[in-house]
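First up is the structure itself, then whatever we jot down about it.
Remember, predicted model here, so these are calculated numbers, not experimental data. Numbering of ligands and ligand atoms starts at 1, following listing order.
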Amino acid sequence: MYVYLNNKIVPLSDARVSVFDHGFLYGDGIYETMRVYDGVVFMLDEHIERLYRSASLIGLNIPKRIADIKISIYETLKANSLTNAYVRLTISRGYGPIGLDPDLCKEPTFVVITNEFKSYPRSYYEEGIKLTIASVRRNSKEALNPQIKSLNFLNNILAKIEAKQVDAYEAIMLNVSGHLAEGTISNIFFMKDGILCTPSIECGILDGITRALVIDLALKNGLEVKEGRFAPEELYMASEVFITNTTMEVMPVSSIDKTEFKAGEISKLLLKKYRQEVNGYVKEKKAEGPSLWE
Ligand code: PMP
């Protein structure tokens, strides 16, 4: 396996970061996860845009131009001969002495990891996955805005531990005022009274790239969509529930704690539309000419 570290591709055995890296010491950094279909990074521009937004929200200067970031991703995919893959791009504050001051770090650390994408089991899409509502709350946007896709993931990890304790695949967190927020790595949607509902960005969530596309596809397919503040009880009364993220796409939910759901028609429809969108995107990018690295 090869990894892109700072300015070059290196074998995994040489892909080392210092114990003084502030990403390691303080979780001071940002990241993006992307999915690659047939050699094309899906919605690359949107991911890079969000990366720059996260960077700006933590006062981090990305030491590369957008075009160079794209090249680094495609070069890493090429070095690993990957066409169906995921990409994890991480930028930490970098190497520096102990201390919180970001100015202690002269140069951010830039890493691109790519690996083969292994599909989720079919049963996850056919029957759905189990969720739990975690007792830990999503950190408030006034404390650490979930819109910053940061390396500081303990909030989500605490919820994930709760999910594991009850054998659930994903945990949904409420925000500090008790409204639905999001999963540890996903956004949540549910159908209620024929309306597709999802917590609004103001609830303190990451504005998922998949979430935005799914809302768009739902509207285009004649569904009414409501982004708002929802009590967890509303979720229990839903006719169907699904979660979204870059790797899972649209994944139906079979239960939330003791309440059961069917993998319903709307999740199936939106998953189908999502995959059609992916196919169209891949075709379009390929028609534009050879990949950046060819
Ligand atoms: N919320 C959180 C907390 C996440 O970590 C993710 C995964 N990046 C998402 C939502 C979904 O975002 P996306 O659709 O951009 O993958």
Side-chain angles (χ1 to χ4, degrees), residues 27 29-37 41-55 57-58 73 85-91 113-115 117 120 129 131-134 136-141 143-163 168-176 179-190 196 198-218 225 227 230 241-253 267 270-271 273-275 277-278 281:
I30 52 169
Y31 81 100
E32 279 295 322
T33 303
M34 290 156 260
R35 195 165 151 187
V36 184
Y37 298 88
V41 184
F42 187 54
M43 303 198 89
L44 178 55
D45 288 336
E46 286 78 359
H47 282 281
I48 290 185
E49 199 178 304
R50 191 169 64 183
L51 180 77
Y52 274 85
R53 187 191 68 197
S54 296
L57 289 170
I58 69 162
I73 293 171
Y86 66 84
V87 175
R88 158 82 189 217
L89 196 165
T90 308
I91 307 179
I113 297 169
T114 59
N115 211 344
F117 179 76
Y120 293 96
I129 52 164
L131 301 187
T132 188
I133 304 238
V136 66
R137 297 289 171 96
R138 188 67 173 123
N139 43 228
S140 88
K141 59 182 196 297
L144 175 60
N145 192 342
Q147 292 231 54
I148 305 170
K149 203 160 164 52
S150 86
L151 300 184
N152 215 301
F153 237 59
L154 261 184
N155 181 214
N156 315 48
I157 291 166
L158 292 177
K160 179 71 182 179
I161 290 169
E162 288 190 40
Y169 189 75
E170 171 66 311
I172 300 302
M173 290 176 277
L174 310 180
N175 62 19
V176 280
H179 293 104
L180 287 172
E182 63 181 337
T184 65
I185 54 161
S186 62
N187 293 114
I188 185 154
F189 289 79
F190 59 100
L196 183 62
T198 194
S200 62
I201 306 298
E202 289 68 45
C203 292
I205 60 168
L206 179 74
D207 51 339
I209 289 168
T210 322
R211 173 187 180 278
L213 179 54
V214 165
I215 290 175
D216 201 38
L217 292 171
V225 179
E227 292 179 68
F230 301 102
V241 182
F242 62 87
I243 60 173
T244 61
N245 81 12
T246 294
T247 56
M248 294 173 175
E249 304 167 322
V250 176
M251 196 172 272
V253 168
S267 346
L270 290 171
L271 176 62
K273 297 287 170 191
Y274 186 88
R275 289 187 170 159
E277 191 73 20
V278 169
Y281 182 97

*Is the backbone of Ala218 close enough, under 3.5 Å, to the side chain of Lys273 for a donor and an acceptor to pair up by distance?*
no
*Please identify each residue that fulfils side chain to side chain contact (heavy atoms under 4.5 Å, CB included) with Thr90, with sequence neighbours left out.*
Tyr31, Arg88, Val111, Leu151
_Tell me whether Glu249 contacts the main-chain N or O of Leu271 through its side chain, where contact means a donor paired with an acceptor under 3.5 Å._
no
*Only counting residues at least two apart or in another chain, list the ones meeting side chain to side chain contact (heavy atoms under 4.5 Å, CB included) with Ala168.*
Lys130, Thr132, Ala163, Val166
For ligand 1, output the ligand-protein N/O contacts shorter than 3.5 angstrom; if there are none, return none.
residue	atom	partner	partner atom	Å
ligand 1	1 (N)	Glu182	OE1	2.7
ligand 1	8 (N)	Lys149	NZ	2.5
ligand 1	14 (O)	Ile209	N	3.3
ligand 1	14 (O)	Thr210	N	3.0
ligand 1	14 (O)	Thr210	OG1	2.6
ligand 1	15 (O)	Arg50	NH1	2.9
ligand 1	15 (O)	Arg50	NH2	3.0
ligand 1	15 (O)	Ile209	N	2.8
ligand 1	16 (O)	Thr246	N	3.0
ligand 1	16 (O)	Thr246	OG1	2.6

*Does the side chain of Asn155 reach to within under 4.5 Å of the side chain of Val136, using non-hydrogen atoms?*
yes
*Who passes salt bridge (Lys or Arg N to Asp or Glu O under 4.0 Å) against Glu32, sequence neighbours left out?*
Arg50
